[in-house]
Visitor: 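I'd like to ask some things about the structure below.
The figures here come from the full heavy-atom set of this structure, side chains too, leaving out hydrogens, waters and symmetry mates.
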Amino acid sequence: MPDPTVPPFPGNIAFNAQHSPMGAFFSFTCGHFGTPGGLGSQIGRPANQDLYIGVKEGDRKSGAPLKCLPFYENPIYDTAPPKTKQAGRGFVSGGSAAPTQEGALLAYRADQLERHYGWATDRWVTPDFEFAIYTPFGSIVDPEQYHPSMSRVCLLPAVLASLTIDNTGGSSTKTGVFAINFNEPGARLLPEQHGWRGKKRVGFALRRHLGVQGMLESERPGEEQPQVFAIMRNTPQEALRDVNPAHGLGQCPGIAFEVAAGKRQTLIVSIGVYHDGIVTTGLEGRYLYARYFSDLNDVLDAALRGWDAFHNGSIDLDNELLNSGLSADQQFLIAHATRSYYGSTQLLEVAGQPFWVVNEGEYCMMNTLDLSVDQCFWELKHNPWVVRNLLDNYLRYYSYYDQVKRPGQGAKKKGFSMPGSPAPSSDFELMPGGISFCHDMGAHNNFAPTGHSSYELPHHKGWFSYMTQEQLCNWILLAASYVAKSNDQQWARRNEFIFQACLTSMVRRSGSSADNSSGAMKFDSSRCQSGEEITTYDSLDASLGPARGNLYLAVKCWAAYLGLAMLFDVLGPAEAGGVAESARKAANNIAACIAGKVGEQGFIPATLIGEAGAARRILPAIEALAYPMYWRNVRQNERSPLEDTPSLQLLAALKRHTQTLLADAESRNRFSDGGLKLSSTSDNSWVSKIALFQHVARGLFNMQEDARIGDVFRQADAAHVKWQTQGESAYWAMSDQMVNGVAKESKYYPRAITTALWMK
């Protein structure tokens, strides 16, 4: 069974979690009381299936109530007093359930349950049984370089669960059940099998693509074991008691088993998905795992055969997080985020080549570039080739060349250079722009037309406008981070002309030459037409939303210039030495510009031009420092760009800025519960972006060593855990965008994997 050192979760345990394999865009979601969950494939939200995981006293035909975890709609909760634990004796009954009709279905109350939430195990303990889900993760090997057998292991599209009933102290038989009402037609039973370890296996499926298979694992090898049996009637209670436990017209299939008095039995359940055909439009893609598995039965069989590896690997990951030195709150956020990240991952095969996709949570936008740049730290640790794959596919399908809008005299009079101001099409002239990249590659398995995203529209000044400058920076930062980690000089040389094009595009958007860049982006893309560019913070106010003059984006531009300089350095002085110096000089100019903006109150205004942002205070001013921090850490023998004098001046200014915001007596960058506000003037905050901010504040500036700020961070971590486990977010598994601590948008989201940066 799972390692008992994972402590019980101390807060509200009634929250959903995704349990997902790598690259399958599939999740077994459960945990929220009173709502369906189950097996969700390619849907970006919890499934709508009632889960019946429980036990009843007596054999299969007994009239005792079936008591289940409350993972279904409208549960009737058990009224019995909670059972208590006595030292060395397990659970002791506190009383009998209130009288109930024969064959009733009851749910455990929260006070009758414990939840042990590790990095790769999610274990529920009731007075009568334990249910655990195992989701180990690791590296995905490059399928173009490694033997197919390794890809078969990495890309197995299934998770495992176990249902253990300990009846060693009982005096009568108990019956366990794992059943699902899919709430849609198409359920069927799988043929019985007798295979590996001589075990009988039974299972069920929804059509061809979703399925469950189970077998009993002997606790005492060599003893004769009872057999599992399949059920499929309208309810699990009906199936257990009827002389015919399975009927082709049944709506609720499942797996059941009896445990005799004095015995302990564990049902091992594989939960998998299999799509064997084309699943995307625009670019026609099929799941890469279909190369290595023949059908759903093959998937479920392989998962059961991998029980030992699943179980032991999950415990190892639990222990790694437990031994990380991080607080319990930080550990929870990492564990929760990891699950939601993998629930959004999708590895396709397009035109015979691997194609990596991370879907954007509930929106299902494919490879949203401003998420990819934040998720890359995790991917570079585990499988750097997927970052290269993303970079190449953006170049191949989702890059474009534009022009930039230079304000005319009329626009200047109207304040066109100010963020948020009107930009009539008659008041600008078009100038050469350059290369940039789309916001995303499509949505809901529909690839967008090449050179376009599903999100961006012209004539907008807020949501849905273009992010041309930011996405250019993002591609550069991804490329620099990939080369820093992999030292893939061949890839760098192959893309030297792209790096040159990126530098030209960066400079033109600043309205300067490379040797005389003043820093912040100055010109919008012509693709905006009468609109204005925005940033990834599209839902925030003028402190972070508009792109021109934005402090957050200016620091990201500085990091992008440093990234280009590093890329040119990799190519060597003979090929690109002069260009590297031009990029470095542009970065230094930005650093000087920003460092000079620290005001008398000790912070840098949110916007670097005009008066609109003078009173707005933003924590993400330091976010982009995460990239040169990363390059420094992975290129330990190289001189860090953070050691240059202009960079040191910028770091000093940003550190003072951050200290001012965190130590603010008015707590303008904190919510009432202690959670962190990215902007002092907006109630919107993103958990993933807070995690990036904390990583830089702790890892680069060591701010936790200040007792006051250390307390701020501890209170914030505790608040952020409650954000995920209470209210709206408890249903949505992992929510990123919170308004006053309540999930409003960006639910079921992958980007909070940035929390894993806290691991040493």
Visitor: Is there a donor-acceptor contact under 3.5 Å from the side chain of Asp440 to the main chain of Met366?
Guide: no
Visitor: Gln636 side chain to Asn633 main-chain N or O, any donor-acceptor pair under 3.5 Å?
Guide: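 Checking the backbone N and O of Asn633 against the side chain of Gln636, a donor-acceptor pair under 3.5 Å is found.
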Visitor: What I want to check is whether the side chains of Tyr552 and Glu470 have a donor and an acceptor closer together than 3.5 Å.
Guide: yes
Visitor: Distance alone, cut at 3.5 Å: any donor-acceptor contact between the side chains of Trp463 and Ser539?
Guide: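 Yes - a donor-acceptor pair under 3.5 Å links their side chains.
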Visitor: Could you go through Ile622 and Val555, starting from their C-alpha distance and side-chain angles, then the distance that decides it, and tell me whether this counts as side chain to side chain contact (heavy atoms under 4.5 Å, CB included)?
Guide: CA-CA 7 Å; Ile622 67 170; Val555 181; over 6 Å; no
Visitor: Less than 4.5 Å apart, side chain to side chain, heavy atoms only: is that true for Val386 and Leu347?
Guide: no
Visitor: Between atom OG1 of Thr535 and atom CG of Leu553, what is the distance when rounded to the nearest 0.5 Å?
Guide: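 Going from the OG1 atom of Thr535 to the CG atom of Leu553 covers 7.0 Å.
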Visitor: Restricting to non-hydrogen atoms, name the atom on Pro628 and the atom on Ala559 that form the minimum distance, rounded to 0.1 Å.
Guide: CD-CB, 4.2 Å
Visitor: Distance only, no hydrogens: is a donor on one side chain within 3.5 Å (strictly under) of an acceptor on the other, for Asn393 and Trp356?
Guide: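 No donor-acceptor contact under 3.5 Å links the two side chains.
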Visitor: For Tyr394, which residues count as a ring pair (Phe, Tyr, Trp, His ring centres under 6.0 Å) partner, sequence neighbours excluded?
Guide: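 With neighbours one apart ignored, the set is empty.
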Visitor: Before you tell me yes or no, could you show the steps for Phe437 and Tyr397 under ring pair (Phe, Tyr, Trp, His ring centres under 6.0 Å), namely the whole-Å CA-CA distance, both residues' side-chain angles and the distance that decides it to 0.1 Å?
Guide: CA-CA 9 Å; Phe437 303 88; Tyr397 300 111; over 10 Å; no
Visitor: Does a donor on one side chain and an acceptor on the other come within less than 3.5 Å for Asp374 and Thr754?
Guide: no
Visitor: Please find the pair of heavy atoms, one from Ser454 and one from Gly442, that lie closest to each other, and give the distance.
Guide: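 Looking at all heavy atoms of both residues, the closest pair is OG-O, 3.6 Å.
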Visitor: With salt bridge (Lys or Arg N to Asp or Glu O under 4.0 Å) as the test, would you mind laying out the steps for Arg509 and Asp402 before giving the verdict?
Guide: CA-CA 11 Å; Arg509 293 172 203 283; Asp402 68 348; 2.7 Å; yes
Visitor: Using a 3.5 Å distance criterion without hydrogens, assess whether the side chain of Asn383 forms a donor-acceptor pair with backbone atoms of Ser139.
Guide: no
Visitor: Begin with the C-alpha distance, continue with both residues' side-chain angles, and end with the deciding distance and a verdict on side chain to side chain contact (heavy atoms under 4.5 Å, CB included) for Ile753 and Tyr342.
Guide: CA-CA 9 Å; Ile753 193 62; Tyr342 280 118; over 6 Å; no
Visitor: When you measure from the side chain of Ser453 to the backbone of Cys438, do you find a donor-acceptor pair of N or O atoms at a distance under 3.5 Å?
Guide: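 No; zero donor-acceptor contacts below 3.5 Å.
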Visitor: Answer yes or no: does atom CD of Gln145 have more than 12 heavy-atom neighbours from other residues, nucleotides or ligands under 6.0 Å?
Guide: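 Counting neighbours around CD of Gln145, more than 12 heavy atoms of other residues, nucleotides or ligands fall under 6.0 Å, so yes.
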Visitor: Mind checking whether Trp758 and Arg698 have side chains closer than 4.5 Å, heavy atoms only?
Guide: yes
Visitor: For Glu349 and Arg291: C-alpha separation, side-chain torsions, deciding distance, then whether salt bridge (Lys or Arg N to Asp or Glu O under 4.0 Å) applies.
Guide: CA-CA 9 Å; Glu349 182 177 29; Arg291 275 192 195 177; 2.8 Å; yes
Visitor: Within the 3.5 Å criterion, strictly below it, is a donor on Ser688 or Arg751 matched to an acceptor on the partner's side chain?
Guide: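 Ser688 vs Arg751: donor-acceptor pair found between side chains.
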Visitor: Could you label the plane-to-plane angle of the His382 and Phe137 rings as parallel, tilted or perpendicular, counting under 30° as parallel and over 60° as perpendicular?
Guide: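 If you compare the ring of His382 with that of Phe137, the planes turn out perpendicular.
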Visitor: Using the rule given for salt bridge (Lys or Arg N to Asp or Glu O under 4.0 Å), can you reason through Asp569 versus Arg584, listing the C-alpha separation, both sets of side-chain angles and the distance that settles it, and then say yes or no?
Guide: CA-CA 10 Å; Asp569 285 341; Arg584 196 169 285 111; 2.5 Å; yes
Visitor: Would a line drawn from the ring center of Tyr749 to the ring center of Trp686 be shorter than 6.0 Å?
Guide: no
Visitor: Which class fits the ring pair Phe499 and Trp475: parallel under 30°, tilted 30 to 60°, perpendicular over 60°?
Guide: tilted
Visitor: Does the Ser647 side chain pair with the main chain of Leu642, one donor and one acceptor, at a distance under 3.5 Å?
Guide: no
Visitor: Take Val507 and Tyr561 through the side chain to side chain contact (heavy atoms under 4.5 Å, CB included) test and state the conclusion after the steps.
Guide: CA-CA 10 Å; Val507 169; Tyr561 276 123; 3.7 Å; yes
Visitor: So does Gly433 get a backbone contact from the side chain of Arg508, meaning a donor-acceptor N/O pair under 3.5 Å?
Guide: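 Side chain of Arg508 to backbone of Gly433, a donor-acceptor pair under 3.5 Å: yes, one is there.
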Visitor: Within a strict 4.5 Å, meaning less than it, do heavy atoms of the Lys485 and Val387 side chains meet?
Guide: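 No, their side chains stay 4.5 Å or more apart.
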Visitor: Could you tell me whether the side chains of Asn445 and Gln346 share a donor-acceptor contact shorter than 3.5 Å?
Guide: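 Yes.
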Visitor: Evaluate the side-chain proximity of Cys473 to Lys556: yes if any heavy-atom separation is below 4.5 Å, no if none is.
Guide: yes
Visitor: If you round to the nearest 0.5 Å, how far is CG of Leu650 from CG of Asn588?
Guide: 10.0 Å
Visitor: If only atom types and distance count, is the side chain of Tyr287 paired as donor or acceptor with the main-chain N or O of Leu348 below 3.5 Å?
Guide: no
Visitor: Between Arg617 and Phe603, is NZ or CZ placed under 6.0 angstrom from the six-membered ring centre and within 45° of the ring axis?
Guide: yes
Visitor: Among Lys405, His460, His459, which one satisfies side chain to side chain donor-acceptor pair (under 3.5 Å) with Ser530?
Guide: His459
Visitor: Mind checking whether Trp378 and Tyr341 have parallel, tilted or perpendicular rings, split at 30° and 60°?
Guide: perpendicular
Visitor: Please report the interatomic distance OG(Ser465) to CD(Glu533), rounded to the nearest 0.5 Å.
Guide: 7.0 Å
Visitor: Is a side-chain donor or acceptor of Tyr627 paired with a backbone partner of Val373 at a separation under 3.5 angstrom?
Guide: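 A pair under 3.5 Å: yes.
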Visitor: Could you state the interatomic distance from SG (Cys528) to CZ (Phe523), rounded to the nearest 0.5 Å?
Guide: 13.5 Å
Visitor: Among side-chain atoms of Asn367 and Tyr398, is any donor-acceptor pair under 3.5 angstrom?
Guide: no
Visitor: Where is the tightest heavy-atom contact between Gly599 and Arg656, given as atom of each residue plus distance?
Guide: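 Shortest heavy-atom separation between Gly599 and Arg656 comes out as O-NH2, 4.2 Å.
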Visitor: Compute whether any side-chain donor of one residue and acceptor of the other, for Asp541 and Ser543, lie under 3.5 angstrom apart.
Guide: yes
Visitor: How close do Ala752 and Met734 get, counting heavy atoms only, and between which atoms?
Guide: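 Closest approach of Ala752 to Met734, heavy atoms only: CB-CE, 3.4 Å.
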Visitor: Taking Ser481 for its side chain and Leu477 for its backbone only, find out whether a donor-acceptor pair lies under 3.5 Å.
Guide: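 Yes.
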Visitor: I would like to know whether Arg493 and Glu496 meet salt bridge (Lys or Arg N to Asp or Glu O under 4.0 Å); could you show each step before the answer?
Guide: CA-CA 5 Å; Arg493 289 194 176 92; Glu496 178 182 356; over 6 Å; no
Visitor: Please test His439 against Gln471 for side chain to side chain contact (heavy atoms under 4.5 Å, CB included), starting from the C-alpha separation and ending with a verdict.
Guide: CA-CA 7 Å; His439 170 271; Gln471 306 305 357; 3.7 Å; yes
Visitor: Using every non-hydrogen atom in the two residues, find where Ala580 and Phe568 come nearest and quote the distance to one decimal.
Guide: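 What the structure gives for the nearest pair is CB-CB, 3.5 Å.
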